[in-house]
2 protein chains.
Amino acid sequence: MVTADVVLFTIEGQKLAVLLIKRKGKPFQGMWALPGGFIRMGEELGHAAIRELKEETGVGSVYLEQLYTFGGVKRDPRGRIVTIAYLALAPRHIMRLNASYDAVDVDIFPIDNLPPLAFDHKKIIEYALIRLRNKIQYTNVAWSLLPSVFSLGEIQKVYELIWGKHLDKRNFRKKIISLGILKKVSAVRSGLRQRPAQLFAFKTKKYTELRRFF
Amino acid sequence: MVTADVVLFTIEGQKLAVLLIKRKGKPFQGMWALPGGFIRMGEELGHAAIRELKEETGVGSVYLEQLYTFGGVKRDPRGRIVTIAYLALAPRHIMRLNASYDAVDVDIFPIDNLPPLAFDHKKIIEYALIRLRNKIQYTNVAWSLLPSVFSLGEIQKVYELIWGKHLDKRNFRKKIISLGILKKVSAVRSGLRQRPAQLFAFKTKKYTELRRFF
DNA sequence: ACAAAAGTGTTGAGAGTACACCCATGC
DNA sequence: GCATGGGTGTACTCTCAACACTTTTGT
């Protein structure tokens, strides 16, 4: 028996947050858990992950990568169930939360304030967070958490939330610009009672790895 | 149906090499493949990998890490079989090759001269190689390929074989020593017709990650 | 005028890279 | 004496980290 579970990170309310569902079925009925389910016959592994996400969020194209396979003999009281965990990233505004047939509720929780979780899902989320913190050092995946245009302040905030620490503004800007993966767009963000910010977009949203990123 | 397959790298004949078995059973009978097999009920995933390795090499304690889970619908002609691939490392001299009940032969092949392989095992080996090349940059796993004492020339050779390129001797020595993970042993390697080499051992063989290694 | 985020350069320290010669031994 | 790998230091470049003030807007 093989399942796919997905750790979908997003940014909400100035926090790094994760999507959870409240389980309708047993075991752990009524408890919060990662979205996931059995892989169907003839279904590609990654497709099962996307299918589960789409049921809960309406979103079908997000950044997705295989994280790790958890197969501890005792992780599921029903018996030996192996789960292939996926890491997903999406900007908050494209999601429409909607409890599907296997959930009574869906919500997004900041990672520093998670409810009690079913199975070994807490461990899976911790593992995903480590992967994310490393991955944004040498790839451009953090773009998956941002809208298509954004200010330098906003992208810096994403890094700060993921690493949980403050970064120097001048050094951050120097580095992110020297990478050559951003382009200015002609618009600025104004209307706030502060100096308008130059907006940027990524030259490409294709996944790229870079030698020593941050 | 879930299997575990193992990519065991070692150094043999001044080459980076991988352990393969010649399959006794169908499908791909008589073809070379990675050692592996079905995970038993109630068996931990990593244990299945070690069990398979032990059958073929007699070696039970080697460096082992989960690599990736391959589940392409068409990867096995018998039907949907998901395999959890493992990366293993061991020094050549501790292995005693011995074809077990599911193999008619066992051998070690240099990675630049592999025979045709069953299933998607070529892809799995390529994936493992990428992981290994990255991993030795920021961890001490390369120690798993060396005997317990070795000269600086020998450890440099391991890095060169894995990366497939020559490294500067002085810079390599400076760095590896500055990491502070090696200790001199009192012995030297002599008896060759050349200047005797100071031998070293690792202070610890415990897996450790280091910020920017090489 | 004030609050709030945007924007901008320099300096010092440490790491990385390139590079060439002598040493100890066995045959 | 020669072949073989062992052993050693310096100079340059580049990257990283620390650090503070002015600008533009809305209220």
Side-chain angles (χ1 to χ4, degrees), chain A residues 11 13-14 133-134 136-139 146-147 149-161 163-201 209-214, chain B residues 11 13-15 133-134 136-140 146-147 149-161 163-201 209-214:
Chain A
I11 308 277
Q14 299 284 304
R133 284 186 176 141
N134 286 323
I136 59 167
Q137 286 179 50
Y138 62 94
T139 70
L146 286 160
V149 299
F150 48 86
S151 69
L152 294 181
E154 287 162 351
I155 187 173
Q156 181 177 347
K157 194 78 194 178
V158 169
Y159 276 84
E160 291 180 338
L161 291 175
W163 281 329
K165 69 176 181 193
H166 176 76
L167 301 173
D168 179 83
K169 183 166 47 159
R170 279 169 293 188
N171 291 339
F172 183 88
R173 285 168 184 236
K174 237 180 300 173
K175 193 125 140 213
I176 202 89
I177 286 174
S178 74
L179 292 171
I181 51 183
L182 296 187
K183 60 182 179 205
K184 280 186 194 176
V185 300
S186 56
V188 293
R189 166 133 32 247
S190 50
L192 292 67
R193 50 181 223 147
Q194 69 198 214
R195 178 170 173 176
Q198 172 67 56
L199 294 179
F200 291 81
E209 298 204 353
L210 305 120
R211 259 177 44 86
R212 254 183 282 135
F213 200 106
F214 276 96
Chain B
I11 308 278
Q14 299 284 304
K15 296 261 192 174
R133 284 186 175 139
N134 285 323
I136 59 166
Q137 286 179 49
Y138 63 93
T139 71
N140 62 355
L146 286 160
V149 299
F150 47 85
S151 70
L152 294 182
E154 287 162 350
I155 186 172
Q156 182 176 348
K157 194 79 194 175
V158 169
Y159 276 85
E160 291 180 339
L161 291 175
W163 280 330
K165 70 175 181 194
H166 175 75
L167 301 173
D168 179 82
K169 184 165 47 160
R170 280 169 292 190
N171 291 339
F172 182 88
R173 286 168 184 234
K174 235 181 302 173
K175 192 126 140 210
I176 201 89
I177 287 175
S178 74
L179 293 172
I181 51 184
L182 296 187
K183 61 182 178 206
K184 280 187 194 176
V185 298
S186 55
V188 293
R189 164 130 37 244
S190 49
L192 292 67
R193 50 182 220 144
Q194 67 197 215
R195 178 170 173 177
Q198 172 67 55
L199 295 178
F200 291 82
E209 299 204 354
L210 304 120
R211 264 176 42 87
R212 255 183 282 135
F213 200 106
F214 277 96

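Quick caveat: nothing in here was measured; it's all calculated off a predicted structure. Throughout, a chain's letter reflects where its sequence line sits, starting with A, and its residues are numbered from 1.
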Checklist line | Donor-acceptor contact present, side-chain A:Glu209 to main-chain A:Tyr138, <3.5 Å | finding: no
Next item on the list: Determine: side-chain N/O of B:Arg170 to OP1/OP2 of D:dG7, distance under 4.0 Å, yes or no.
Entry: no
Next item on the list: Would you mind classifying the nucleic acid contact of B:Leu152 as base, sugar-phosphate or nothing, using non-hydrogen atoms under 4.0 angstrom?
Entry: nothing
Item checked: Pair of N/O donor and acceptor under 3.5 Å linking C:dT8 base with A:Lys174 side chain -> no
Margin query: Regarding B:Ser151, tell me which of base, sugar-phosphate or nothing describes its non-hydrogen contacts under 4.0 Å with the strands shown.
Written below: sugar-phosphate
Checklist line | Nearest-neighbour nucleotide for the A:Arg193 side chain, D:dT24, C:dA4, D:dG7 considered | finding: C:dA4
Note to self: Looking only at the side chain of B:Asn171 (C-beta and beyond, no hydrogens), which of the listed nucleotides C:dA24, D:dG9, C:dG7 gets closest?
What the structure shows: D:dG9
Check: How long is the line joining CD of A:Gln194 and P of C:dA5, in whole Å?
Finding: 6 Å
Note to self: Using side-chain heavy atoms (C-beta onward) and a distance below 4.5 Å, is A:Phe172 in contact with A:Leu152?
What the structure shows: no
Next item on the list: Report the distance from atom CG of B:Asp168 to atom C1' of C:dC21, rounded to the nearest whole Å.
Entry: 13 Å
Notebook entry, point to check: Do side-chain atoms of A:Gln198 reach the backbone of A:Arg189 as a donor and acceptor pair under 3.5 angstrom?
Noted result: no
Item checked: Length of the CG-P vector between B:Leu179 and C:dA15, whole Å -> 11 Å
Check: How many Å lie between NZ on A:Lys157 and P on C:dA4, as a whole number?
Finding: 14 Å
Item checked: Distance below 4.0 Å between B:Lys175 side-chain N/O and C:dG16 OP1 or OP2 -> yes
Next item on the list: Find which nucleotide of DNA chain D each of A:Pro196 and B:Pro196 is nearest to by heavy atoms, and output the residue with the more 5' nucleotide.
Entry: B:Pro196
Check: Which whole-number value in Å describes the distance from A:Arg195 CZ to D:dT23 C1'?
Finding: 4 Å
Next item on the list: Determine the minimum heavy-atom distance between A:Tyr159 and A:Thr139, stating which atoms define it.
Entry: OH-O, 4.3 Å
Check: Between C:dT25, D:dG6, C:dG7, which nucleotide gets closest to the side-chain atoms of A:Gln198?
Finding: C:dG7
Checklist line | Nearest-Å distance for atom pair CZ/C1', residues B:Phe172 and C:dG16 | finding: 15 Å
Item checked: Atom-pair distance (CG on B:Leu199; P on D:dG5), nearest Å -> 16 Å
Check: Any side-chain N or O of B:Lys169 under 4.0 Å from OP1/OP2 of D:dG7?
Finding: no
Margin query: Can you measure A:His166 atom NE2 to D:dA17 atom C1' for me and round it to whole angstrom units?
Written below: 13 Å
Check: Do A:Leu146 and A:Phe200 touch side chain to side chain, with heavy atoms closer than 4.5 Å?
Finding: no
